Amino acid sequence: FPVAPEAEDEGKTLQLVESYLQNFYNLQRDHQPLLRNKGENPLAEKLKEMQAFFGLEVTGKPNPDTLEMMKKPRCGIPDVEQ
Amino acid sequence: YVFTTGNPKWERKNLTYRILNYTPKMRQADVDEAIRKALSVWSNVTPLTFQKVEDKEADIMISFAYRDHRDNSPFDGPNGQLAHAFQPGDGIGGDVHLDEEEAWSKNGRGYNLFIVIAHELGHSLGLSHSNDPGALMYPTYSYTDPKEFLLPQDDIDGIQAIYGQSDAALQPTGPITPRACDPKLTFDAIATLRGEIIFFKGRYMLRKHPARAETELNFISLFWPKLPSGIQAAYENVERDEVLLFKENKYWILKGYDIAPGYPKKIHHLGFPKTVKRVNAAYSDETTGKTYFFIADRYWRYDENKKSMDHGYPRKIVSDFGKIGRVDAAFQKDGYVYFFHGTTQFQFDPRAKRIVRQMKSISWFNC
């Protein structure tokens, strides 16, 4: 069945959020939020970290202000681990 | 400001840099100038010096790169990530990579190369991202006219904490980001704008929407890239849906996001005598169509319908508005006029012709 528009948007939003947090907040690419024990969701934790940095409301959820900030052009953070 | 994890820094003060390649989107001389100017932003406030080298390894290697450029941190095409830089260290340490696919420019179009490189060099020297929205080291891009650029105080404090002050006799200081609830906050100009109130301060504008509790801080250049910072007076002509902004002996007319063509014009175009060099504050009374301009201890009245100054002006401010002293900013809202003098605000009732209340300048920000 064609993906319902809101579900499609939801998928795009999740992709934007994951990609942003992987690029700038070191969210592990293999993070499996569902497999973790209940209390721990790395994506929500990293999202809170980002929201706190930018002085946004810390909800752990991608609200409009958070998504707007994620879409702003910015400085990259190169991977210095290696 | 924030130091990079591990506090990396260059042990030498005399560093070298090399430009490895150029972007076809700008003249080579403009790229050279942007990089030279960006380096001077940091050398002006520290003992650091930067010498250009052509044909050997340099501490800071500057290059334009495309997508995956073999540093494990690929670029992402236009917008998104604009550039990145590596912390002080050997080899790739200190290097600056710029995303070749961005619309690089030497002005307000696309992304200003000078601003981005100045930010990246902060990383090359050991600074990480600051959460001060007015700082150069804030992670998101915002345009400032390079001719008007002053390194913000937050960045000066950060870099001097790593390398110390410059040897100059007079230590440079930088703009401090206004905070809405700072009790010492004063304003350059204030105007209503389509139901909102815009408070101008330096490069910034604080935007108060009647329905939103928090106050939004933006760069003036975010909305109007061609406007200068340091606006001195402003008022809204509600009927014509225009805002007039004044700086020194010039004024601009804004219509929404656009600056009316043919502006700025000289303020004498409005009928001021040549002796008037600038306007301190202004407000417009929507019910009478009269606009009041405040200059030093006097004020003029302008008729928006006749588009000329009324006779019998200027008059002494104290004669008609009471002891409000020199006016920094003024606006009219819901029939009252609000005058700002330093950190004091006076609410004036034009019908009763007297001050009815005195408040702090920040009373509008729900502190």
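These numbers were taken from a predicted model, which means no experiment stands behind them.
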Task: A:Tyr20 versus chain B, the contacting section by heavy-atom distance below 4.5 Å - done: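 No part of A:Tyr20 comes within 4.5 Å of chain B.
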Task: Min side-chain heavy-atom separation B:Ile62-B:Arg18 under 4.5 Å - done: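 No; the side chains remain at least 4.5 Å from each other.
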Out of curiosity, [X] [atom1] to [Y] [atom2], how far, rounded to the nearest 0.5 Å?
| X | Y | atom1 | atom2 | result |
| --- | --- | --- | --- | --- |
| B:Asp99 | B:Leu82 | CG | CG | 7.5 Å |
| A:Leu27 | A:Met50 | CG | CE | 13.0 Å |
| B:Asp95 | B:Asp71 | CG | CG | 9.5 Å |
| B:Ile60 | B:Leu15 | CD1 | CG | 5.5 Å |
| A:Leu21 | A:Asn26 | CG | CG | 10.5 Å |
| B:Ile35 | B:Leu98 | CD1 | CG | 7.5 Å |

State plainly whether the residues [X] and [Y] are in salt-bridge range, i.e. N to O under 4.0 Å.
| X | Y | result |
| --- | --- | --- |
| A:Asp65 | B:Arg212 | yes |
| B:Lys25 | B:Glu102 | no |
| B:Arg12 | B:Asp59 | yes |

Task: Aromatic plane relationship, B:Tyr1 with B:Phe3 - under 30° parallel, 30 to 60° tilted, over 60° perpendicular - done: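 B:Phe3 and B:Tyr1: tilted rings.
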- [ ] Could you label the plane-to-plane angle of the B:His69 and B:Phe75 rings as parallel, tilted or perpendicular, counting under 30° as parallel and over 60° as perpendicular?
- [x]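 Answer is parallel, since the angle falls under 30°.
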Task: Residue list, ring pair (Phe, Tyr, Trp, His ring centres under 6.0 Å) with A:Tyr25, at least two apart or on another chain - done: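 A:Tyr25 satisfies ring pair (Phe, Tyr, Trp, His ring centres under 6.0 Å) with no other residue.
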Task: Residues of residues 68-78 of chain A with any heavy atom under 4.5 Å of a heavy atom in chain B - done: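 Those residues of residues 68-78 of chain A which have a heavy atom under 4.5 Å from chain B are A:Met69, A:Lys72, A:Pro73, A:Arg74, A:Cys75, A:Gly76, A:Ile77, A:Pro78.
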Task: Toward chain A: residues of residues 109-122 of chain B with heavy atoms under 4.5 Å - done: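 Counting heavy atoms that sit under 4.5 Å from chain A, the residues of residues 109-122 of chain B involved are B:Tyr111, B:His119, B:Glu120.
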Task: Neighbourhood of chain A inside residues 213-227 of chain B, taking heavy atoms under 4.5 Å as contact - done: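 No residue falls under the 4.5 Å cut-off.
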Open item on the list: Below 4.5 Å, heavy-atom pairs only: which of B:Pro78, B:Ser142, B:Ser130 has the largest tally toward chain A?
Closed with: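 Result: the option with the highest number of such pairs is B:Ser130.
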Open item on the list: Using a 6.0 Å cut-off, check whether atom CD of A:Glu57 has over 12 heavy atoms from anything other than its own residue.
Closed with: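 Result for CD/A:Glu57: open.
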Task: Side chain / backbone / both / neither for B:His129 at chain A, heavy atoms under 4.5 Å - done: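 Backbone plus side chain of B:His129, per the 4.5 Å heavy-atom cut-off to chain A.
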